[in-house]
Structure formats: structure tokens, C-alpha cells
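We number each residue from 1, following the sequence as shown. Below, all heavy atoms of this structure are taken into account, side chains as well, without hydrogens, waters or symmetry copies. In each ligand, atom 1 is the first atom listed, and ligand 1 is the first ligand listed.
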Amino acid sequence: MCGIYGIASRKSITNKLFHGLKKLEYRGYDSSGIAGISQDRKCHVIKSTGPINNLKKRLKTLPNIFTGISHTRWATHGEPLLKNTHPHHSGSINIVHNGIIENHEDIRNFLKKKKYSLTSDTDSEVIAHLINYNYKKCNDMRLALVGSVNVLEGSYAIGVINSNLPDKIFAASSGSPLIIAKGKNENYIASDISPVLNDTQKYLTLGDGEFAELSSEKVIVFDKKSKILTKKVITTNIKDEQVSLMGHKHFMHKEIYEQKEILNEMKNRYVGHTSLLPNIFGPGTDNLLSKIKHVHFVACGTSYHASLVAKDWIEQHSTITCTAEVASEYKYKKINILPDTLFVCISQSGETADTISSLKKAKKLGYKDTLAICNVAESTITRLSNLVFLMNAGPEISVASTKAFTSQLFSLLLFSIIVSRKHGCAERKMVSDIKQIDKIINSIFRLEPEIKKISSKFKNKDHTLFLGKGGSYPIALEAALKLKEISYIHASAYHSGELKHGPLALVDKKMPVVCFLPDNYLAKLVLSNLAEVEARQGQTFIFTNKKIPRKNKKVEIIKMPDCPDLIVPILYIIPAQLLSYHVALKKKTDVDKPRNLAKSVTVE
Ligand code: F6R
């Protein structure tokens with residue numbers, strides 16, 4: 001969602017602030033703005049709506065600034081208009097905010113009584129006035145900040161500058177991510193590590209209820225009682241090139257191709273000759289996981305689709321029962337927990353608000369343990385969960401998730417093997433299947449020119465259907481989500497057997513029907529479902545390694561390489577990712593930053 005980046009420096013940071021902010025563009029891009037203090041202690045603000053490049057035009061109106069904060073906004077309260085764009089200002093104070101202030105109406109009323117005039121429709125503006133109000137009372141920024149956030153309800157990561165204290169940035173966080181990075185004669189605040197990677201690898205995370213005061217020289221972290229805290233400084237191994245395009249036209253394309261290396265690395269790290277390496281989920285976890293009788297998976301979007309695949313894997317290979325719930329439902333449901341149930345949440349970002357509140361709820365219920373499968377090491381979800389498994393897929397920049405999905409699947413496949421061991425799953429065979437991913441993935445990438453050609457048949461469509469059965473059904477869901485997200489074509493996914501129970505009514509000669517048909521024990525059934533489509537002259541696109549005759553021009557067969565059934569979900573999603581990508585290219589949409597969506601959904 002919104003992105004925050006701020007620098008306290010000895011040198012001019014005007015351009016640097018802009019370029020760093022661009023690295024956060026993927027989080028949300030309705031509007032953006034910069035506020036910075038120049039040597040004459042004056043505060044200068046620029047704002048623009050639309051993509052961050054629009055802000056570039058205004059950059060030259062800024063003088064040299066040495067302390068500054070910047071923001072990319074993903075609108076929640078108030079339309080993406082200039083008046084709602086951050087930074088928000090009040091007197092000598094300018095603030096940027098990520099999160100949601102639930103009691104902003106009450107605070108507005110309070111501020112109006114104090115003769116403050118509010119000019120935006122946002123919940124964030126109240127923070128600027130509140131800090132100004134408190135600062136004027138006590139003339140102490142630390143106290144003013146603590147006093148102000150004490151009345152805020154909701155979630156926030158806040159960056160503040162005060163032109164009376166021209167070399168300082170203040171920050172506060174609760175329920176929204178904020179890191180403090182330490183550089184040479186420069187220190188930074190940021191929503192994530194990506195804008196600072198050119199300057200430093202060292203950072204600390206600001207926890208809930210923690211505050212920071214930064215200058216170019218020092219970083220001071222303190223709590224609500226003004227007690228100075230000693231925080232662990234982390235060194236990230238993420239490199240700047242991981243958040244750069246490296247010759248690809250889009251991050252989505254780069255990330256689709258990164259899947260080969262990521263999966264190969266995961267295999268080398270966790271898979272032995274004939275079995276998995278011991279305790280890959282942490283010390284003592286093989287024993288702990290062998291006692292699990294039930295698993296409750298909770299996640300959102302693509303991560304939820306990964307959990308559906310895992311449910312299928314585990315139930316196929318053991319007597320363990322699994323449920324998979326979307327987090328936005330789980331947190332409002334009555335949950336029945338049998339003994340020896342493990343809670344597993346899956347999240348690329350580790351900051352998805354719905355998943356975080358589900359995890360918090362789970363921790364209060366009677367689970368044996370909580371496990372997080374996550375891509376971001378220092379995230380709220382990894383901090384909250386008892387057990388953590390890091391996917392290590394590297395930063396995913398494109399809003400549409402690709403490499404996170406397959407690395408979640410790989411992690412969940414390892415998890416499925418471990419929990420199913422005691423139930424006699426054929427680990428040796430499964431391991432040998434996993435080892436084939438590397439080879440098969442190359443043949444899949446070779447399909448790109450063919451997929452590109454096919455994509456033109458989707459370009460002018462408004463609706464599509466995606467079908468799968470068994471382990472391929474979640475792939476149909478995920479493929480449909482990808483197409484919807486980036487090409488804005490409506491796509492619905494069904495179990496192929498469900499077609500005749502309703503959706504078949506939609507099929508006519510214009511309707512494209514995409515089907516994932518690996519050659520397994522379900523293939524014959526899927527083929528008869530497809531015959532129902534063909535009988536209605538539907539246009540079918542079949543991803544399959546089964547030899548099936550191409551009866552007419554309305555049947556498009558995308559010949560997939562042979563592949564063990566176990567790894568079908570990991571491999572069959574890749575051509576679907578490429579298909580969405582090429583359809584979106586043809587439709588000239590903003591592939592990496594689709595409209596209305598944000599990378600990390602930090603509001604409920
Ligand atoms: C789709 C997509 C979203 C996320 C969902 C959960 O391409 O990226 O559906 O999967 O918002 O996000 P994480 O995994 O970060 O919790």
C-alpha cells in the first residue's frame with residue numbers, strides 16, 4: 001500500500017529522495033509527494049497525482065534539501081486528488097502516513113474545536129494537526145509525537161519533519177511496517193528496504209509502539225515512556241539489482257524467469273539425495289511436525305491458492321485433515337480446533353493486514369503451534385509466528401505475484417512431505433520428482449513464443465473461463481486471478497466437473513475456456529468436461545502433456561512437457577503467468593502496477 005521514504009543527510013537529497021521513492025512505486029501509485037527542509041530552514045513541498053514520474057516535473061522547483069520525507073499513496077480515505085496527497089502539513093509540521101486511523105472523525109471534531117481547518121478527505125491529515133497542536137503545547141517533538149499517537153486508533157507508520165528542527169526526522173509505528181536504515185553520514189526511514197539498497201544494507205525495524213529520532217549522525221529509538229531502546233541492527237543480503245529490471249521490460253517478466261533459479265536453490269538447500277534434509281523448518285521441527293493431525297491454512301489471494309494446493313498434497317499423502325481459509329473470513333469465524341492442529345499462514349509480504357489479524361487470533365486459540373511461510377524475513381508475520389519458514393525468493397516487485405507463488409508451493413511441498421512421513425508417504429519418489437523441476441522448467445520457458453501468439457486471441461475478450469481438476473483446480477484459480485489482475489479481463493475458475501452445474505450456460509463460440517489437463521488419473525474426466533464446451537463451440541486452450549487430437553480450429557493445444565503429477569501445480573502455473581503477461585502487454589495495461597491494486601495490503 002502506501003510507501004514512505006525519508007532521508008536525514010549532510011548532503012542535498014532532492015534527487016535521491018525522488019529516485020528512492022520510485023523504488024516504492026510498486027506499493028501503490030495513486031499520487032506521490034515530497035516535503036524537505038532547505039538550509040534556510042524553510043520547508044518545501046511538491047505533490048502530484050498519477051504515476052511518480054509526474055512528480056519529476058516538479059522536482060526542479062525544489063531547492064537543495066537536506067532532510068526530507070516522501071510518500072506514494074494508495075487511496076483509502078478520499079480520492080487520489082492533490083488535496084489528499086501526502087505529505088500533510090500543519091504549521092511547521094509535515095507528515096507522511098501509511099495505515100488507517102480509525103478514529104479520525106473524532107480527532108477531526110476535536111481539531112475543529114481547536115480552530116484547525118482540515119483541507120483533505122484523508123484520515124492522515126489529522127496526524128499533522130495533532131502533532132502541531134501538541135508541539136505547540138510542549139515545544140518537544142518527542143513528547144508531541146508520543147502524545148499524538150497515544151490518541152490514534154488503527155494502524156500507522158508515520159514519518160515527520162519539523163522546520164524548527166531542520167536536521168531531524170521523527171518516526172512512529174504501530175501495525176504498519178517501517179524500517180530505519182543506517183548509512184554513512186545519512187540515515188533513512190522507509191516502508192521497506194528497496195529504496196536504501198544503493199546506500200546501505202544495514203537496518204532495524206521499528207516495532208509496535210516504538211518511535212525514532214534520526215539525524216544524519218544518529219538514530220535514537222525510544223518507547224512511549226521516552227526510554228531509549230537498543231535495537232538489533234540487521235544486515236540484509238538483498239542486492240540493488242534484485243529490485244532493478246536488469247534488462248527485462250517489466251518486473252513481472254523478470255520474476256517469472258527468476259523462478260528457475262529460486263526453485264533450484266531451494267532444492268539445493270533443502271533436498272538431499274533420497275530424502276529431505278533434517279529439520280528444515282527449524283530445530284526440532286521434524287519431530288514436532290510428525291505429530292500433527294490437522295492443519296489450518298490461512299492466507300489471502302495468491303497465497304491462499306498456494307494453500308489449496310498444499311491441502312491437496314497433504315490429504316493425498318496422509319490421513320491428516322486440512323482446511324484452507326481466506327484470512328478475511330477466518331478472523332470473523334468461529335474456529336473449531338481439534339487436538340494436534342497446526343495453524344499455518346502463508347504470506348509473501350508478511351504484512352497483509354487480514355493475515356496478521358488471523359495469526360493474532362490463532363495465537364489466542366488452542367493450536368499446537370503457529371507456522372508462517374513468508375518471503376520477508378523481518379516482517380510482522382515472521383515476528384508474530386512461533387515457527388517461520390522463509391521462502392527466500394528475493395523481493396517481489398510486480399504487484400501480480402509469480403515467483404512468490406511457486407516458492408510458496410515449493411515450501412509447502414516440503415512441509416507436506418514432512419507432515420506426511422509418518423503416514424508412509426513415498427518420500428524417495430517425491431524427492432526424485434522434485435529434482436525434475438529444474439529440467440522441465442526450461443521446456444516450459446521455451447513455450448513463450450507460442451503463448452505470445454495465443455495471447456492475441458484473448459486481447460479483445462471481456463470474459464474467460466479457467467478449468468482444472470484435483471491439484472490443477474487451484475492453478476485454474478491462480479491463472480484466472482493473474483489474468484484479471486493485469487489485463488482487466490474477467491476470468492472465473494471452476495472445477496471442470498462443475499461446468500455442467502451452471503457455468504456452461506456462459507459458453508458460446510466467443511468464450512475462451514482455458515484448461516489445465518496434466519495426463520493423470522483425472523484426465524479422462526476432464527476431457528469429457530471439455531467435450532461439453534466443444535459441443536457448444538466454445539474456444540478451448542488446453543495446457544496438457546496428454547496426446548489429444550486437435551479436432552478443429554477452436555481447440556488450441558499447448559503441449560506441456562511430461563511431468564510427475566506431484567509437481568504439476570508448480571510447473572503448470574508458469575505458462576499461465578506468461579499468458580497473462582502477454583495479454584496485458586497487448587492490452588497495454590500497466591503490467592507491474594495494475595490499477596486499484598497494491599503490492600502489500602496493509603489495511604483490513
Ligand atoms: C495476487 C497477489 C495478491 C496477494 C495477496 C496476499 O497476484 O499478489 O493476491 O497474494 O494480497 O499477499 P501476501 O502473500 O503478501 O500476504
Can you check whether Phe543 and Tyr572 have ring centres sitting under 6.0 Å from each other? no

Do Tyr330 and Tyr304 have their ring centres less than 6.0 Å from each other? no

Residue pairs meeting salt bridge (charged side-chain N to carboxylate O under 4.0 Å, His left out), one or both in residues 346-365, sequence neighbours left out, come to Lys331-Asp354

Contact check: Gly301 vs ligand 1, nitrogen or oxygen atoms, below 3.5 angstrom: no

Contact check, Asn375 vs ligand 1, heavy-atom distance below 4.0 Å: no

Mind checking whether His305 has a heavy atom under 4.0 Å from ligand 1? no

Side chains of [X] and [Y] only: does a donor on one sit below 3.5 Å from an acceptor on the other?
X: His97; Y: Ser124; answer: yes
X: Thr355; Y: Ser358; answer: no
X: Lys482; Y: Thr302; answer: yes
X: Lys586; Y: Ser455; answer: yes

Which atoms of ligand 1 sit under 4.0 Å from any heavy atom of [X]?
X: Ser347; value: 13 (P), 14 (O), 15 (O), 16 (O)
X: Ser401; value: 7 (O), 8 (O)
X: Lys482; value: 1 (C), 7 (O)
X: Gln348; value: 13 (P), 14 (O), 15 (O), 16 (O)
X: Ala400; value: 7 (O)
X: Val399; value: 7 (O), 8 (O)

Passes ring pair (Phe, Tyr, Trp, His ring centres under 6.0 Å), His495 versus Tyr473? Steps please. CA-CA 6 Å; His495 295 278; Tyr473 169 64; 3.4 Å; yes

Distance to 0.1 Å, residue and atom name: give those for the protein heavy atom nearest to atom 15 (O) of ligand 1. Ser349 OG, 2.7 Å

For atom 6 (C) of ligand 1, grab the closest protein heavy atom and report residue, atom and distance to one decimal in Å. Cys300 O, 3.4 Å

Could you check which of Thr302, Thr352, Ile346 puts a non-hydrogen atom nearest to atom 13 (P) of ligand 1? Thr352

Quick test of your reading of the structure: of Leu481, Leu597, Val601, Thr355, whose heavy atom lies closest to atom 11 (O) of ligand 1? Val601

Which bit of Glu485 gets closer than 4.0 Å to ligand 1, counting heavy atoms only: side chain, backbone, both or neither? side chain

What residues, two or more places apart in sequence or in another chain, satisfy ring-ring contact (aromatic ring centres under 6.0 Å, His included) together with Tyr5? none

